[in-house]
Asker: 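Sending over a structure as structure tokens; questions will come in a sec.
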Protein chains: 2
Amino acid sequence: MDEETLQAALNTADVLCAQRGVRFTAQRRRVLELVCRAERPVGAYEILGQLHTGATAAPPTVYRALDFLLEQGFVHKLETLHAFIGCTHPEHPHASQFLICADCGRVKELESEAVAGCLRSAAQETGFHPKRPVIEVLGTCAQCTHKAKKV
Amino acid sequence: MDEETLQAALNTADVLCAQRGVRFTAQRRRVLELVCRAERPVGAYEILGQLHTGATAAPPTVYRALDFLLEQGFVHKLETLHAFIGCTHPEHPHASQFLICADCGRVKELESEAVAGCLRSAAQETGFHPKRPVIEVLGTCAQCTHKAKKV
DNA sequence: CATTTTTCGAAACATTATAACAGTTGTGCG
DNA sequence: CGCACAACTGTTATAATGTTTCGAAAAATG
């Protein structure tokens, strides 16, 4: 995420938190910034390592901030990687799908209503009530596929 | 999984391993049995706890057996739960979806070609090459939804 | 400004997973 | 058969991820 996008994301978070009556503290802001700056998903302890902020930081510090950001939809957790990425459209709640490149490590967030709907109806056919769908696809991104062919 | 289904699963595994020229050792068989016997997904350390087989067992023992069973498609790993379940149709490779009940903990394995295909095409539209899709839905199963209404 | 709620700091601990290396067993082949 | 090799297993240690708990500080509330 480039500098401009980052600032926009932080602003959006600010506004949304104000609207929702929740506190966007310095700590949470800092964690969101670190997650967004990264090109790839970052682990909790990786964030922790970058949080030398005067006081020492312990795991709960990071996990608390991440929990908050997850609740607000500002970041997503990738279950297959035990890592976090900034959300590309935090304005509205949504069911996303993630394409994870095993080669370069980058992740693309899809938001296909077709996929979400298809899965929802398949689930509901069995009487199941979906709450939180987790859809992550491991594979190779366009760029890396291209590179592989050249070599 | 009831006793009959379990025996069938173990037999199937036997046959498939023979066909594939891989070894279905006592260790692996025991782990598969433990996973299949469980009503719900079981963690690696839970399996470990049930492996008092004369010699002591350490984590790598279980993880190695599980890796083998995963490769052969005899069990699945649920990324959101860090737990394993027996596969309900190991005969053919397949992309499954899992419906995980947050209430009773039971898991239903779907095998909807519609869902798999839909996701595959959504991914490929972006030039992405899917390898391993992970689809897990947290929610409430039919039974538990029903019970909740009664109370 | 006292009260209540929320957030944060700190230490310990719990859970899940892997690395590294040695020993053991099974398999194929001369 | 018996040797050589590969695959599997045992063992110890450690890494990586995530939680519990308790108490202090800071902020919102009335």
Side-chain angles (χ1 to χ4, degrees), chain A residues 13-14 17-32 34-35 38 40-72 74-85 105 134 136 138, chain B residues 13-14 17-32 34-35 38 40-72 74-85 105 134 136 138:
Chain A
D14 249 333
C17 283
Q19 281 176 12
R20 295 172 187 171
V22 296
R23 285 152 63 184
F24 193 46
T25 66
Q27 192 92 248
R28 292 164 176 176
R29 186 187 191 86
R30 210 149 45 218
V31 170
L32 178 56
L34 287 171
V35 173
R40 300 145 227 273
V42 284
Y45 279 73
E46 211 171 325
I47 296 165
L48 187 53
Q50 297 180 41
L51 266 190
H52 345 271
T53 64
T56 63
T61 302
V62 171
Y63 282 104
R64 280 191 286 233
L66 286 171
D67 284 346
F68 173 85
L69 298 171
L70 285 169
E71 270 168 29
Q72 300 301 321
F74 300 158
V75 304
H76 293 293
K77 173 164 193 179
L78 297 171
E79 299 286 348
T80 51
L81 301 181
H82 307 290
F84 303 82
I85 55 170
V134 171
E136 301 177 13
L138 299 170
Chain B
D14 250 332
C17 283
Q19 280 176 12
R20 295 171 188 171
V22 296
R23 283 154 63 184
F24 193 46
T25 65
Q27 192 92 251
R28 291 165 175 175
R29 187 186 189 85
R30 210 148 46 217
V31 171
L32 179 56
L34 287 171
V35 172
R40 303 144 224 275
V42 285
Y45 280 74
E46 210 171 328
I47 296 166
L48 187 53
Q50 296 179 40
L51 266 189
H52 347 271
T53 65
T56 65
T61 302
V62 171
Y63 281 102
R64 280 192 285 234
L66 286 171
D67 282 347
F68 173 85
L69 298 172
L70 285 169
E71 270 169 30
Q72 300 301 321
F74 301 159
V75 304
H76 292 293
K77 173 166 192 177
L78 297 171
E79 298 286 348
T80 50
L81 300 181
H82 306 288
F84 303 82
I85 55 169
V134 172
E136 302 176 10
L138 300 170

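Order of the sequence lines fixes the chain letters, A, B, ..., with proteins taken first and strands second; residue numbering starts at 1 for each chain. Only a predicted model underlies this, so the values are computations on that prediction, with no experimental measurement involved.
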Asker: Can you see if the side chain of B/Thr61 gets near the phosphate of D/dT9 - specifically, an N or O under 4.0 Å from OP1 or OP2?
Answerer: no
Asker: Using heavy-atom distances to pick each residue's nearest nucleotide on DNA chain D, tell me which of A/Ala44 and B/Pro60 is more 5'.
Answerer: B/Pro60
Asker: Minimum heavy-atom separation for A/Pro41 and A/Leu81, please, with both atom names.
Answerer: CG-CD1, 3.8 Å
Asker: To the nearest Å, give me how far apart CG (A/Asp67) and C1' (C/dT7) are.
Answerer: 13 Å
Asker: What's the CG-P distance between A/Leu48 and D/dG18, to the nearest Å?
Answerer: 12 Å
Asker: Using a heavy-atom cut-off of 4.0 Å across all strands, would you classify B/Arg64 as base, sugar-phosphate, or nothing?
Answerer: base
Asker: Report yes if at least one side-chain N or O of A/Lys77 is closer than 4.0 Å to OP1 or OP2 of D/dG18; otherwise report no.
Answerer: yes
Asker: So, OP1 or OP2 of D/dG18: does either fall under 4.0 Å of a side-chain N or O from A/His82?
Answerer: yes
Asker: For the residue pair B/Val42 and B/Leu34, establish whether any side-chain heavy-atom pair is separated by less than 4.5 Å.
Answerer: no
Asker: Quickly work out the A/Phe24 CZ to D/dA28 C1' distance and round it to whole Å.
Answerer: 19 Å
Asker: Could you give the CG-to-C1' distance, from B/Leu81 to D/dG18, as a whole number of Å?
Answerer: 15 Å
Asker: Are OP1 or OP2 of D/dC8 and a side-chain N or O of B/Arg28 less than 4.0 angstrom apart?
Answerer: yes
Asker: Is the backbone of B/Arg23 close enough, under 3.5 Å, to the side chain of B/Arg28 for a donor and an acceptor to pair up by distance?
Answerer: yes
Asker: Quick one: B/Glu79 CD to D/dA16 P, roughly how many Å, whole number?
Answerer: 18 Å
Asker: Nearest whole Å is fine: how far is D/dA16 C1' from A/Leu66 CG?
Answerer: 15 Å
Asker: Once you round it to whole Å, what is the distance between C1' of C/dT7 and CZ of A/Arg29?
Answerer: 17 Å
Asker: Could you state the atom-to-atom distance from CD of B/Glu46 to P of C/dT16 in whole Å?
Answerer: 8 Å
Asker: Report yes if a side-chain nitrogen or oxygen of B/Thr25 is closer than 4.0 Å to either non-bridging phosphate oxygen (OP1 or OP2) of C/dG26; otherwise report no.
Answerer: no
Asker: Return the 5'-most residue of the pair B/Pro59, B/Ala26 with respect to DNA chain D, ranking by each residue's nearest nucleotide.
Answerer: B/Ala26
Asker: Is it the case that the side chain of B/Arg29 and the backbone of B/Ala13 share a donor-acceptor pair, with hydrogens and angles ignored and the cut-off at 3.5 Å?
Answerer: no
Asker: Quick check on D/dG18: is either OP1 or OP2 less than 4.0 Å from any side-chain nitrogen or oxygen of A/Tyr63?
Answerer: yes
Asker: Hey, what's the ring geometry for B/Phe74 with B/Phe24, parallel, tilted or perpendicular (30° and 60° as the breaks)?
Answerer: perpendicular
Asker: Confirm from the modelled atom types if A/Tyr45 and D/dA15 form a donor-acceptor pair under 3.5 Å, side chain to base only.
Answerer: no
